[in-house]
Amino acid sequence: MADNALELRNIDMHYGYVRALDGIDIAVRQGEVLGLLGDNGAGKSTLLKVMSGAHQPTSGEIRVHGAEKTFGSPADATHSGIQMVYQDLALVDAQDIATNLNLGREILRRGPLGWLGFVDHKAQRRRSTAELEKLGVRTAAVTRPVEMLSGGQRQVVALARGATRVNGEQSGILLLDEPTAALGYEQTQQVQSLIRRLADQGVACVLVTHNLPLAMSVCDRIAVLNRGRKVADIPVAETENDHLVGWITGARASMFATASEAS
Amino acid sequence: MTVTIAAPQAVSAEKDKDPALIRWLIFIRDRGIFVLWAVLLIAFSIWASPYFASLDNGILIANAAALTAIFAAGIAVGIICGALDLSIPGTAALAGCTCGWLITHGTPTGLAILVALVLGGFVGLINGLISLRGFNPIIVTIGTLSVMSGAAAGIAGGYTISGLDSLVFMGTDRFAGLPAPVWITAALFALLTVFLTRTRDGIRLMAVGGNPEAVRRSGIHADRYKVLGFVISGFCAALGGLVTTALVTEANPAANVSIIFNALTAVALAGVSLAGGRGSLPRVLVGALILGTISNALTIKGVSPYWATATTGLLLLGSLALEKWVSTSVSRRLVQSASASVHTGTR
Ligand SMILES: Nc1ncnc2c1ncn2[C@@H]1O[C@H](COP(=O)(O)OP(=O)(O)O)[C@@H](O)[C@H]1O
Ligand SMILES: [Mg+2]
């Protein structure tokens with residue numbers, strides 16, 4: 001399994017006395033979409049936050065392209081090529097789409113003005129428009145303030161922000177927490193095809209969702225969490241709806257049950 | 001000439017443009033205060049004719065608004081970046097007294113001014129660093145307000161430091177017909193406006209005020225920009241304190257808390273949201289000018305200054321209502337036309 005883009009080994013995570021993650025082993029390969037399913041409180045968001053450096057696991061090991069990493073902050077994960085699209089979109093409402101997409105990687109003007117830190121707004125807008133086009137998404141004009149976008153458009157901008165940043169390096173890893181929760185049918189389809197397109201471009205995607213049909217159609221592989229444990233990890237082609245529902249609700253026994261766990 | 005009117009659904013126009021009505025509403029929101037000022041100027045020109053509409057009176061208004069504007073700039077930058085800095089009067093008093101003390105003890109005027117300005121920035125740095133520790137900035141800056149006015153009184157020995165005639169070049173002197181405070185204010189606002197809208201650090205500072213989490217997730221040290229906001233605010237406070245001192249050629253150690261209210265009114269009139277992240281300094285400048293304009297016109301007509309305060313308050317409430325109305329109409333229109341907004345482009 002040398003081609004794992006991101007690999008987590010034996011991750012434990014406690015919130016005080018709450019054990020949110022319990023011995024999680026999970027990996028995603030380059031160009032693969034890994035679906036992460038589970039009931040509310042199963043630990044999906046927590047696992048994603050560990051992957052993105054927002055939380056530090058109580059114990060366990062994180063490897064990016066085989067190299068062990070310790071993420072002290074989201075910035076560390078970003079440096080390793082990991083981008084997360086959060087459930088709360090965390091956009092700067094008063095600023096326009098272009099500014100949001102360019103935050104943290106601004107294009108400075110050439111010459112003396114650039115040395116003074118002047119931003120080249122025109123170049124930023126051009127780049128953002130081009131990037132959105134490459135992703136195949138059309139929102140509003142990139143000069144539109146984010147606060148004047150609909151929920152679906154905001155989701156697309158947040159997704160594009162993550163996508164444009166992993167897309168640069170072909171070894172990128174994109175983490176998505178419920179990217180379609182607030183979207184209608186058509187927009188969900190668009191987000192779905194966007195994720196698929198990114199994976200085809202070589203991006204490793206981890207997708208948390210409650211939408212089983214979406215997971216079945218966009219993912220290559222699905223892992224199910226139940227009360228902080230991984231109870232299933234299986235290629236989509238080898239499973240079906242009923243089995244997944246069983247694992248999610250706990251009605252179906254874990255694929256990984258061992259003697260030590262039976263108590 | 002063929003005019004093709006695209007239905008909202010057919011978003012195939014080469015240039016994405018917002019609908020005309022929305023652009024108009026945004027214009028009202030962003031530029032409404034300029035319109036309001038223009039209306040006031042015209043109305044007062046008629047009402048207080050012939051004394052109001054003269055060049056000399058215009059200069060008088062600008063000069064009267066200058067101090068409010070300088071402090072308002074400090075307040076505005078603080079709020080835009082997410083914190084209301086109440087220590088401004090204390091910092092102003094401290095800067096004035098420090099500069100006065102240095103001058104009366106033989107320091108060259110230029111150096112004394114520089115020290116006072118740096119000190120203002122330093123107070124901002126302390127405010128910022130304390131606030132980062134998770135304390136409420138309002139309480140922190142109330143604390144530094146007391147500390148600074150105490151320190152100012154200590155430096156001045158409890159009395160005003162008078163005879164600071166070497167400061168008149170930034171007080172009552174005129175250059176090219178305009179009083180020094182007007183020049184200083186113009187320079188400050190030009191500088192800060194360019195900084196906030198055109199430079200990387202300025203844009204990040206505004207973004208931090210709007211959503212620190214978004215900035216952090218972009219891999220930026222959001223905290224630095226929070227502190228930077230306080231530093232700029234402290235600098236503006238010190239500058240305002242120096243101009244106050246220069247105008248009367250004496251440094252008063254008593255912190256004048258009413259500056260906060262004037263400045264805050266100008267800032268609020270300019271639509272700078274207390275939630276942070278939005279606001280524009282040219283609007284703040286016009287906000288300060290509107291306050292100056294109103295009190296000037298009422299003074300000319302011999303109306304009691306209490307009425308000026310009351311009028312300002314009413315105006316403030318009216319502008320809040322207008323802004324609310326505009327932003328709800330804009331979002332309603334946008335939601336209506338947004339259903340077809342996400343497009344899978346297959347070019
Ligand atoms: N910040 C937190 N503090 C304490 N407990 C938390 C926190 N975040 C999540 N938890 C707990 O951890 C468990 C997993 O939560 P989460 O990862 O959000 O689940 P999911 O995203 O699968 O719904 C839940 O029991 C939840 O109550
Ligand atoms: Mg969750």
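In the text below, chain A, chain B and the rest are named by the order of the sequence lines, each starting its count at 1. Worth knowing before you read on, the calculation uses all heavy atoms, side chains too, and leaves out hydrogens, waters and symmetry mates.
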Report task. Against chain B, label A/R109 side chain, backbone, both or neither, depending on which of its atoms sit under 4.5 Å from a heavy atom there. Result -> neither
Query - Segment of A/L108 engaging chain B (4.5 angstrom heavy-atom cut-off) - result: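 Only the side chain of A/L108 comes within 4.5 Å of chain B.
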Report task. Using a cut-off of 6.0 Å, state whether more than 12 heavy atoms not belonging to A/R105 lie near its atom CZ. Result ->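 Atom CZ in A/R105 is packed in, count exceeds 12.
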**Report entry** NE2/B/H221: more than 12 non-hydrogen atoms of other groups inside 6.0 Å
**Finding:** no
Structural part of [X] lying under 4.5 Å from a heavy atom of chain A:
| X | result |
| --- | --- |
| B/I220 | side chain |
| B/V215 | both |
| B/T197 | backbone |

Query - Among A/A90, A/S73, A/A54, residue most engaged with chain B (heavy-atom pairs, under 4.5 Å) - result: A/A90
**Report entry** Interface residue of largest heavy-atom contact number with chain B, from A/A158, A/A75, A/A94, under 4.5 Å
**Finding:**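 Ranked by heavy-atom pairs under 4.5 Å with chain B, first place is A/A94.
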Query raised in the report: Can you list the steps and then say if A/E147 with B/R278 is a side chain to side chain contact (heavy atoms under 4.5 Å, CB included)?
Result: CA-CA 11 Å; A/E147 65 193 336; B/R278 72 192 71 221; 2.4 Å; yes
Query raised in the report: With a 4.5 Å heavy-atom cut-off, do A/R165 and B/S218 have their side chains touching?
Result: yes
Query raised in the report: Any side-chain heavy-atom pair from A/H121 and B/R198 closer than 4.5 angstrom?
Result: yes
Query - A/V92, A/V119, A/T99, A/L103 screened by side chain to side chain contact (heavy atoms under 4.5 Å, CB included) with B/R204, the one that passes - result: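 The side chain to side chain contact (heavy atoms under 4.5 Å, CB included) with B/R204 is passed solely by A/L103 among A/V92, A/V119, A/T99, A/L103.
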Report summary line: Pair count under 4.5 Å, heavy atoms only, with chain A: among B/S273, B/G279, B/A207, B/G210, highest is B/A207
Query raised in the report: Say you draw a straight line from CZ of A/F118 to CG of B/D201; how long is it, rounded to the nearest 0.5 Å?
Result: 11.0 Å
